[in-house]
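Counting convention: from 1, in listed order, for ligands and their atoms alike. Here the structure is a predicted model, which is why all the values come from computation and not from measurement.
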Amino acid sequence: MKDTYILAIESSCDETSVAVIKNGHEKLSCIISTQIETHKLYGGVVPEIASRQHVENITIVIEQALKEAHMNMEDIDAIAVTYGPGLIGSLLVGVEAAKTLSFVYNKPLIPVHHIAGHIYANNLERSMEFPLMALVVSGGHTELVYMKEDYSFEKIGGTLDDAVGEAYDKVARVLKLAYPGGPKVDKLAHEGNDTYDLPLPLDDDTYNFSFSGLKSAVINLNHNEKQKSHEIRKEDLACSYQNRVVKILTKKTLRAMREYGVNNLIIAGGVSANKGIRDEFTRLASEKGFNLSIPKMEFCTDNAAMIGAAGYYAYKLGRRANLDLNAKATDKLN
Ligand code: KG4
Ligand code: ZN
(Lines give C-alpha, C1' and ligand atoms only; values in the text may rest on other atoms or scores of the structure.)
(Ligands and ions follow the chains in the order given, each with its own letter.)
Protein backbone atom coordinates (compact mmCIF):
# COMPACT_ATOMS: atom_id res chain seq x y z
CA MET A 1 0.00 0.00 0.00
CA LYS A 2 1.23 3.51 -0.81
CA ASP A 3 2.51 5.47 2.16
CA THR A 4 0.68 8.64 3.22
CA TYR A 5 2.58 11.73 4.27
CA ILE A 6 0.80 14.51 6.15
CA LEU A 7 2.29 17.93 6.74
CA ALA A 8 0.67 19.23 9.94
CA ILE A 9 0.52 22.74 11.37
CA GLU A 10 -0.37 23.72 14.95
CA SER A 11 -0.50 27.33 16.19
CA SER A 12 -3.48 27.46 18.56
CA CYS A 13 -1.67 29.04 21.53
CA ASP A 14 1.98 29.91 22.10
CA GLU A 15 3.75 27.16 20.17
CA THR A 16 4.40 27.35 16.41
CA SER A 17 4.77 23.75 15.37
CA VAL A 18 5.00 21.88 12.07
CA ALA A 19 5.42 18.12 11.60
CA VAL A 20 5.62 15.52 8.86
CA ILE A 21 3.85 12.28 9.80
CA LYS A 22 3.96 9.01 7.86
CA ASN A 23 0.86 6.77 7.85
CA GLY A 24 -0.56 8.42 10.97
CA HIS A 25 1.95 6.83 13.32
CA GLU A 26 5.49 7.70 12.40
CA LYS A 27 7.00 11.10 13.15
CA LEU A 28 9.48 12.07 10.43
CA SER A 29 9.90 15.52 11.92
CA CYS A 30 8.24 17.77 14.47
CA ILE A 31 9.58 21.27 14.98
CA ILE A 32 8.25 23.27 17.92
CA SER A 33 9.11 26.93 18.28
CA THR A 34 7.94 27.90 21.75
CA GLN A 35 7.24 31.42 22.96
CA ILE A 36 7.36 30.61 26.68
CA GLU A 37 10.31 32.92 27.39
CA THR A 38 8.41 35.88 25.91
CA HIS A 39 5.13 35.25 27.73
CA LYS A 40 6.89 34.49 31.02
CA LEU A 41 7.60 38.21 31.29
CA TYR A 42 3.84 38.85 31.49
CA GLY A 43 2.88 35.88 33.68
CA GLY A 44 0.74 34.32 30.92
CA VAL A 45 0.11 34.23 27.18
CA VAL A 46 -0.48 37.67 25.61
CA PRO A 47 -2.62 36.90 22.52
CA GLU A 48 -1.42 39.83 20.37
CA ILE A 49 2.23 38.98 20.96
CA ALA A 50 1.55 35.27 20.35
CA SER A 51 0.02 35.86 16.91
CA ARG A 52 2.79 38.25 15.89
CA GLN A 53 5.43 35.68 16.83
CA HIS A 54 3.59 32.96 14.89
CA VAL A 55 3.75 35.21 11.80
CA GLU A 56 7.50 35.63 12.28
CA ASN A 57 8.10 31.90 12.82
CA ILE A 58 5.72 29.98 10.61
CA THR A 59 7.59 29.87 7.28
CA ILE A 60 10.89 29.03 8.99
CA VAL A 61 9.26 26.21 10.97
CA ILE A 62 7.60 24.79 7.83
CA GLU A 63 10.94 24.77 6.01
CA GLN A 64 12.71 23.14 8.97
CA ALA A 65 10.06 20.41 9.27
CA LEU A 66 10.33 19.51 5.57
CA LYS A 67 14.13 19.60 5.69
CA GLU A 68 14.35 17.37 8.74
CA ALA A 69 11.95 14.88 7.12
CA HIS A 70 14.05 15.00 3.88
CA MET A 71 10.95 15.89 1.89
CA ASN A 72 9.62 18.47 -0.55
CA MET A 73 6.07 19.75 -0.73
CA GLU A 74 5.60 17.52 -3.82
CA ASP A 75 6.07 14.42 -1.60
CA ILE A 76 3.27 15.48 0.78
CA ASP A 77 -0.21 13.97 0.33
CA ALA A 78 -2.25 16.40 2.44
CA ILE A 79 -1.96 19.37 4.79
CA ALA A 80 -3.59 19.12 8.21
CA VAL A 81 -4.10 22.18 10.36
CA THR A 82 -5.56 23.03 13.76
CA TYR A 83 -8.53 25.29 12.94
CA GLY A 84 -9.72 25.53 16.59
CA PRO A 85 -10.31 25.85 19.45
CA GLY A 86 -7.68 28.30 20.67
CA LEU A 87 -6.61 31.92 20.43
CA ILE A 88 -8.16 33.28 17.27
CA GLY A 89 -5.19 35.43 16.22
CA SER A 90 -2.81 32.51 16.74
CA LEU A 91 -5.00 29.97 14.93
CA LEU A 92 -5.40 32.28 11.94
CA VAL A 93 -1.67 32.23 11.22
CA GLY A 94 -1.58 28.43 10.96
CA VAL A 95 -4.82 28.28 8.99
CA GLU A 96 -3.67 30.89 6.46
CA ALA A 97 -0.31 29.16 6.03
CA ALA A 98 -2.04 25.80 5.47
CA LYS A 99 -4.50 27.29 2.98
CA THR A 100 -1.68 28.93 1.05
CA LEU A 101 0.28 25.66 0.81
CA SER A 102 -2.87 23.78 -0.16
CA PHE A 103 -3.60 26.28 -2.95
CA VAL A 104 -0.06 26.66 -4.29
CA TYR A 105 0.78 22.93 -4.26
CA ASN A 106 -2.73 21.68 -4.97
CA LYS A 107 -2.93 19.44 -1.89
CA PRO A 108 -6.04 18.50 0.11
CA LEU A 109 -6.60 20.62 3.23
CA ILE A 110 -7.65 18.72 6.38
CA PRO A 111 -9.21 20.63 9.31
CA VAL A 112 -8.27 19.15 12.71
CA HIS A 113 -9.85 19.94 16.10
CA HIS A 114 -7.09 20.64 18.65
CA ILE A 115 -8.47 18.10 21.13
CA ALA A 116 -8.68 15.39 18.46
CA GLY A 117 -4.97 16.10 18.05
CA HIS A 118 -4.23 15.68 21.76
CA ILE A 119 -6.15 12.39 21.76
CA TYR A 120 -4.30 11.08 18.68
CA ALA A 121 -0.95 11.86 20.30
CA ASN A 122 -1.63 8.41 21.76
CA ASN A 123 -1.58 6.93 18.25
CA LEU A 124 1.98 7.98 17.51
CA GLU A 125 4.21 4.89 17.67
CA ARG A 126 1.40 2.54 18.70
CA SER A 127 -2.28 2.03 17.86
CA MET A 128 -5.15 3.02 20.10
CA GLU A 129 -7.54 0.19 20.88
CA PHE A 130 -11.31 0.68 20.87
CA PRO A 131 -13.70 1.20 22.52
CA LEU A 132 -11.81 3.59 24.76
CA MET A 133 -12.27 6.36 27.27
CA ALA A 134 -10.15 9.49 26.79
CA LEU A 135 -9.40 11.79 29.69
CA VAL A 136 -8.42 15.13 28.16
CA VAL A 137 -6.59 17.45 30.53
CA SER A 138 -5.05 20.62 29.14
CA GLY A 139 -4.79 24.35 29.69
CA GLY A 140 -8.17 24.91 28.04
CA HIS A 141 -9.99 21.57 28.49
CA THR A 142 -10.92 18.91 31.01
CA GLU A 143 -13.15 16.31 29.37
CA LEU A 144 -14.10 12.69 29.37
CA VAL A 145 -14.63 11.45 25.82
CA TYR A 146 -15.97 8.02 24.87
CA MET A 147 -14.68 6.67 21.55
CA LYS A 148 -16.38 3.66 20.01
CA GLU A 149 -14.03 3.72 17.00
CA ASP A 150 -11.55 5.92 15.18
CA TYR A 151 -12.62 9.54 14.96
CA SER A 152 -15.89 9.09 16.82
CA PHE A 153 -16.02 11.42 19.83
CA GLU A 154 -18.78 11.37 22.44
CA LYS A 155 -18.16 13.88 25.19
CA ILE A 156 -19.68 12.50 28.38
CA GLY A 157 -18.50 15.20 30.77
CA GLY A 158 -16.39 18.31 31.04
CA THR A 159 -15.38 21.15 33.29
CA LEU A 160 -18.04 23.59 34.44
CA ASP A 161 -15.50 26.36 35.03
CA ASP A 162 -11.67 26.29 34.97
CA ALA A 163 -9.76 23.68 33.00
CA VAL A 164 -7.35 21.69 35.12
CA GLY A 165 -4.23 23.23 33.50
CA GLU A 166 -5.66 26.69 33.95
CA ALA A 167 -6.23 25.97 37.66
CA TYR A 168 -2.63 24.66 37.93
CA ASP A 169 -1.32 27.87 36.39
CA LYS A 170 -3.39 30.01 38.79
CA VAL A 171 -2.26 28.03 41.84
CA ALA A 172 1.31 28.47 40.59
CA ARG A 173 0.83 32.23 40.51
CA VAL A 174 -0.35 32.19 44.12
CA LEU A 175 2.79 30.24 44.99
CA LYS A 176 4.81 32.81 43.01
CA LEU A 177 6.06 30.32 40.41
CA ALA A 178 6.82 31.49 36.86
CA TYR A 179 4.56 30.79 33.86
CA PRO A 180 3.74 28.08 32.87
CA GLY A 181 3.34 27.04 36.46
CA GLY A 182 1.77 23.58 36.03
CA PRO A 183 5.07 21.68 35.77
CA LYS A 184 6.53 23.64 38.70
CA VAL A 185 3.57 22.84 40.98
CA ASP A 186 3.96 19.20 39.94
CA LYS A 187 7.65 19.23 40.90
CA LEU A 188 6.98 20.93 44.25
CA ALA A 189 4.15 18.48 44.99
CA HIS A 190 6.67 15.64 44.98
CA GLU A 191 8.78 17.41 47.59
CA GLY A 192 5.93 17.92 50.08
CA ASN A 193 3.22 16.16 52.08
CA ASP A 194 -0.57 16.29 51.94
CA THR A 195 -1.08 18.36 55.10
CA TYR A 196 -3.57 21.04 54.03
CA ASP A 197 -7.29 20.46 54.31
CA LEU A 198 -8.57 21.15 50.78
CA PRO A 199 -11.96 20.08 49.36
CA LEU A 200 -12.44 17.29 46.81
CA PRO A 201 -14.04 19.26 43.96
CA LEU A 202 -17.45 18.31 42.50
CA ASP A 203 -17.48 14.84 43.99
CA ASP A 204 -20.90 13.97 42.54
CA ASP A 205 -22.33 11.30 40.24
CA THR A 206 -21.91 13.23 36.97
CA TYR A 207 -18.84 13.11 34.73
CA ASN A 208 -18.35 16.85 35.02
CA PHE A 209 -15.48 18.59 36.76
CA SER A 210 -15.05 21.89 38.56
CA PHE A 211 -11.70 23.26 39.60
CA SER A 212 -12.48 26.86 40.48
CA GLY A 213 -13.60 25.98 44.05
CA LEU A 214 -10.39 24.08 44.71
CA LYS A 215 -8.35 26.90 43.19
CA SER A 216 -10.19 29.45 45.38
CA ALA A 217 -9.58 27.28 48.45
CA VAL A 218 -5.84 27.46 47.73
CA ILE A 219 -6.00 31.24 47.20
CA ASN A 220 -7.99 31.77 50.42
CA LEU A 221 -5.78 29.50 52.46
CA ASN A 222 -2.71 31.36 51.24
CA HIS A 223 -4.35 34.70 52.05
CA ASN A 224 -5.50 33.64 55.54
CA GLU A 225 -2.11 32.23 56.48
CA LYS A 226 -0.45 35.46 55.35
CA GLN A 227 -2.86 37.52 57.47
CA LYS A 228 -1.87 35.42 60.46
CA SER A 229 1.80 35.94 59.50
CA HIS A 230 2.15 32.19 59.04
CA GLU A 231 4.64 30.92 56.52
CA ILE A 232 3.00 28.87 53.73
CA ARG A 233 4.67 25.53 53.15
CA LYS A 234 4.61 25.68 49.37
CA GLU A 235 5.59 22.04 48.86
CA ASP A 236 2.82 20.83 51.16
CA LEU A 237 0.21 23.08 49.58
CA ALA A 238 1.24 21.91 46.09
CA CYS A 239 1.09 18.29 47.25
CA SER A 240 -2.34 18.72 48.89
CA TYR A 241 -3.69 20.47 45.78
CA GLN A 242 -2.28 17.88 43.38
CA ASN A 243 -3.64 15.00 45.44
CA ARG A 244 -7.19 16.43 45.21
CA VAL A 245 -6.86 16.87 41.45
CA VAL A 246 -5.55 13.34 40.96
CA LYS A 247 -8.21 11.91 43.28
CA ILE A 248 -11.17 13.42 41.43
CA LEU A 249 -9.75 12.70 37.97
CA THR A 250 -9.09 9.04 38.78
CA LYS A 251 -12.40 8.58 40.59
CA LYS A 252 -14.60 9.92 37.78
CA THR A 253 -12.56 8.36 34.98
CA LEU A 254 -12.66 4.88 36.50
CA ARG A 255 -16.40 5.14 37.09
CA ALA A 256 -16.91 6.23 33.47
CA MET A 257 -14.88 3.24 32.27
CA ARG A 258 -16.94 0.87 34.41
CA GLU A 259 -20.27 2.32 33.28
CA TYR A 260 -19.32 2.32 29.59
CA GLY A 261 -17.76 -1.15 29.84
CA VAL A 262 -14.41 0.06 28.55
CA ASN A 263 -11.04 -1.52 29.30
CA ASN A 264 -8.86 0.97 27.37
CA LEU A 265 -7.97 4.36 28.79
CA ILE A 266 -5.95 7.08 27.15
CA ILE A 267 -4.88 10.35 28.75
CA ALA A 268 -4.32 13.41 26.59
CA GLY A 269 -3.43 17.10 26.77
CA GLY A 270 -0.68 19.16 28.36
CA VAL A 271 -1.53 18.11 31.92
CA SER A 272 -0.95 14.44 30.98
CA ALA A 273 2.71 15.40 31.48
CA ASN A 274 1.91 15.61 35.21
CA LYS A 275 3.88 13.03 37.17
CA GLY A 276 1.24 12.68 39.88
CA ILE A 277 -1.41 11.88 37.25
CA ARG A 278 0.85 9.55 35.26
CA ASP A 279 1.98 7.62 38.34
CA GLU A 280 -1.48 7.16 39.87
CA PHE A 281 -3.17 6.07 36.63
CA THR A 282 -0.26 3.69 35.96
CA ARG A 283 -0.66 2.19 39.44
CA LEU A 284 -4.43 1.83 38.98
CA ALA A 285 -4.01 0.24 35.53
CA SER A 286 -1.83 -2.50 36.95
CA GLU A 287 -4.02 -2.94 40.05
CA LYS A 288 -7.30 -3.13 38.09
CA GLY A 289 -5.95 -4.65 34.89
CA PHE A 290 -6.95 -2.08 32.26
CA ASN A 291 -4.91 -0.85 29.28
CA LEU A 292 -3.47 2.61 29.74
CA SER A 293 -1.88 4.89 27.18
CA ILE A 294 -0.25 8.24 27.97
CA PRO A 295 1.72 10.08 25.28
CA LYS A 296 5.49 10.40 25.46
CA MET A 297 6.37 13.63 27.26
CA GLU A 298 7.26 15.42 24.01
CA PHE A 299 3.74 14.79 22.65
CA CYS A 300 1.81 15.83 25.80
CA THR A 301 1.93 19.60 25.37
CA ASP A 302 1.05 21.34 22.10
CA ASN A 303 2.81 19.97 19.02
CA ALA A 304 2.04 19.39 15.35
CA ALA A 305 2.87 15.66 15.37
CA MET A 306 -0.43 14.99 17.15
CA ILE A 307 -2.28 17.09 14.54
CA GLY A 308 -0.68 14.97 11.80
CA ALA A 309 -1.66 11.77 13.64
CA ALA A 310 -5.31 12.90 13.87
CA GLY A 311 -5.18 14.46 10.40
CA TYR A 312 -4.28 11.11 8.88
CA TYR A 313 -7.58 9.57 10.04
CA ALA A 314 -9.56 12.66 9.05
CA TYR A 315 -7.91 12.38 5.61
CA LYS A 316 -8.78 8.67 5.31
CA LEU A 317 -12.37 9.47 6.28
CA GLY A 318 -12.54 12.00 3.45
CA ARG A 319 -12.74 15.11 5.59
CA ARG A 320 -11.71 18.14 3.56
CA ALA A 321 -11.80 21.90 3.97
CA ASN A 322 -11.95 24.51 1.23
CA LEU A 323 -10.01 27.71 0.99
CA ASP A 324 -12.78 29.41 2.95
CA LEU A 325 -11.73 27.48 6.10
CA ASN A 326 -11.85 29.83 9.05
CA ALA A 327 -10.25 29.64 12.48
CA LYS A 328 -12.66 29.07 15.37
CA ALA A 329 -11.93 30.14 18.94
CA THR A 330 -14.41 27.55 20.20
CA ASP A 331 -15.89 24.49 18.53
CA LYS A 332 -17.38 21.15 19.52
CA LEU A 333 -15.03 18.18 19.26
CA ASN A 334 -15.91 16.34 16.04
O1 KG4 B 1 -2.24 21.07 25.98
P2 KG4 B 1 -1.44 22.24 26.35
O3 KG4 B 1 -0.01 22.31 25.88
O4 KG4 B 1 -2.13 23.54 25.85
C5 KG4 B 1 -3.53 23.64 25.75
O6 KG4 B 1 -4.08 23.08 24.79
O7 KG4 B 1 -4.09 24.22 26.68
O8 KG4 B 1 -1.50 22.36 27.93
C9 KG4 B 1 -0.84 23.38 28.60
C10 KG4 B 1 -1.19 23.27 30.07
C11 KG4 B 1 -0.69 24.44 30.90
O12 KG4 B 1 -1.75 24.88 31.72
C13 KG4 B 1 0.44 23.83 31.71
O14 KG4 B 1 0.64 24.46 32.95
C15 KG4 B 1 -0.08 22.42 31.90
O16 KG4 B 1 -0.60 22.08 30.63
N17 KG4 B 1 0.98 21.46 32.26
C18 KG4 B 1 1.03 20.84 33.46
C19 KG4 B 1 2.19 20.05 33.45
N20 KG4 B 1 2.82 20.22 32.23
C21 KG4 B 1 2.05 21.09 31.53
N22 KG4 B 1 0.19 20.88 34.51
C23 KG4 B 1 0.51 20.14 35.58
N24 KG4 B 1 1.61 19.36 35.65
C25 KG4 B 1 2.48 19.29 34.62
N26 KG4 B 1 3.57 18.51 34.71
ZN1 ZN C 1 -3.30 21.79 23.74
Taking [atom] as the reference point, the nearest protein heavy atom with its distance:
atom: atom 2 (P) of ligand 1; result: Asp302 OD1, 3.3 Å
atom: atom 24 (N) of ligand 1; result: Asn274 ND2, 2.9 Å
atom: atom 21 (C) of ligand 1; result: Gly270 O, 3.4 Å
atom: atom 15 (C) of ligand 1; result: Val271 CG2, 3.9 Å

Test side-chain hydrogen bond (donor to acceptor under 3.5 Å, both in side chains) applied to Asn57 and Ser33, step by step: CA-CA 7 Å; Asn57 293 338; Ser33 167; 3.2 Å; yes

Numbering as shown, the atoms of ligand 1 that approach [X] to under 4.0 Å (heavy-atom distance):
X: Gly165; answer: 12 (O)
X: Gly140; answer: 7 (O)
X: Asp169; answer: 11 (C), 12 (O), 13 (C), 14 (O)
X: Thr301; answer: 3 (O)
X: His114; answer: 6 (O)
X: Ala273; answer: 20 (N), 26 (N)

field: Glu154 and Lys148: CA distance, side-chain angles, deciding distance, salt bridge (charged side-chain N to carboxylate O under 4.0 Å, His left out) verdict
entry: CA-CA 8 Å; Glu154 185 190 333; Lys148 187 163 52 74; over 6 Å; no

message: Quick one, Val145 and Ile156 - any side-chain contact, counting heavy atoms below 4.5 Å?
response: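 Val145 vs Ile156: side chains apart.
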
field: Beyond-backbone contact of Ile110 with Pro108, side-chain heavy atoms, under 4.5 angstrom
entry: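 The answer is yes, as the side chains (C-beta and beyond) meet within the 4.5 Å cut-off.
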
message: Pair Tyr120, Asp150 - check side-chain hydrogen bond (donor to acceptor under 3.5 Å, both in side chains), show working.
response: CA-CA 10 Å; Tyr120 273 84; Asp150 261 316; 2.5 Å; yes

field: Contact check: Gly269 vs ligand 1, nitrogen or oxygen atoms, below 3.5 angstrom
entry: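 No - when backbone and side-chain N and O of Gly269 are compared with those of ligand 1, no distance drops under 3.5 Å.
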
His118 near the Zn ion (ligand 2): N/O/S under 2.8 Å: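 It does; at least one qualifying atom falls short of 2.8 Å.
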
query: Is Cys13 close enough to the Zn ion (ligand 2) to have an N, O or S atom under 2.8 Å?
result: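 Checking the Zn ion (ligand 2) against Cys13, no N, O or S atom falls under 2.8 Å.
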
message: For a side-chain hydrogen bond (donor to acceptor under 3.5 Å, both in side chains) check, start with the C-alpha distance between His114 and Asp302, then their side-chain angles and the critical distance, and finish with the verdict.
response: CA-CA 9 Å; His114 184 72; Asp302 292 347; 3.1 Å; yes

Nearest option to [atom], as decided by whichever heavy atom of [options] sits closest:
atom: atom 26 (N) of ligand 1; options: Asp186, Val164, Val185, Val171; answer: Asp186
atom: atom 9 (C) of ligand 1; options: Pro85, Gly139, Gly86, Cys13; answer: Gly139
atom: atom 20 (N) of ligand 1; options: Ser12, Pro183, Ala268, Gly182; answer: Pro183

message: Between Glu287 and Arg283 (salt bridge meaning N to carboxylate O under 4.0 Å), is one present in this structure?
response: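 Looking at Glu287 and Arg283, the cut-off is met.
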
query: Is it true that Glu298 and Lys27 make a salt bridge, defined as a side-chain N closer than 4.0 Å to a carboxylate O?
result: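 Salt bridge: yes.
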
message: Suppose you place the vertex at the Zn ion (ligand 2); what is the angle out to Asp302 OD1 and His114 NE2, to 10°?
response: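 Approximately 100° at the metal, rounded to tens of degrees.
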
- prompt: Hey, which of Asp161, Ile248, Thr142, Asp204 is the one that makes side-chain contact (heavy atoms from CB on, under 4.5 Å) with Ser210?
  reply: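 Of all the options given, the one that passes is Asp161.
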
Proximity flag His118 to ligand 1, non-hydrogen atoms under 4.0 Å: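 In this structure, His118 qualifies as a contact of ligand 1 - some heavy atom is under 4.0 Å.
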
query: Is the ring centre of Tyr168 less than 6.0 Å from the ring centre of Tyr241?
result: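 Centroid separation for Tyr168 and Tyr241: below 6.0 Å.
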
- request: Measure centre to centre between the rings of Tyr315 and Tyr313, then say whether the value is under 6.0 Å.
  value: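 No: the rings miss the under 6.0 Å criterion.
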
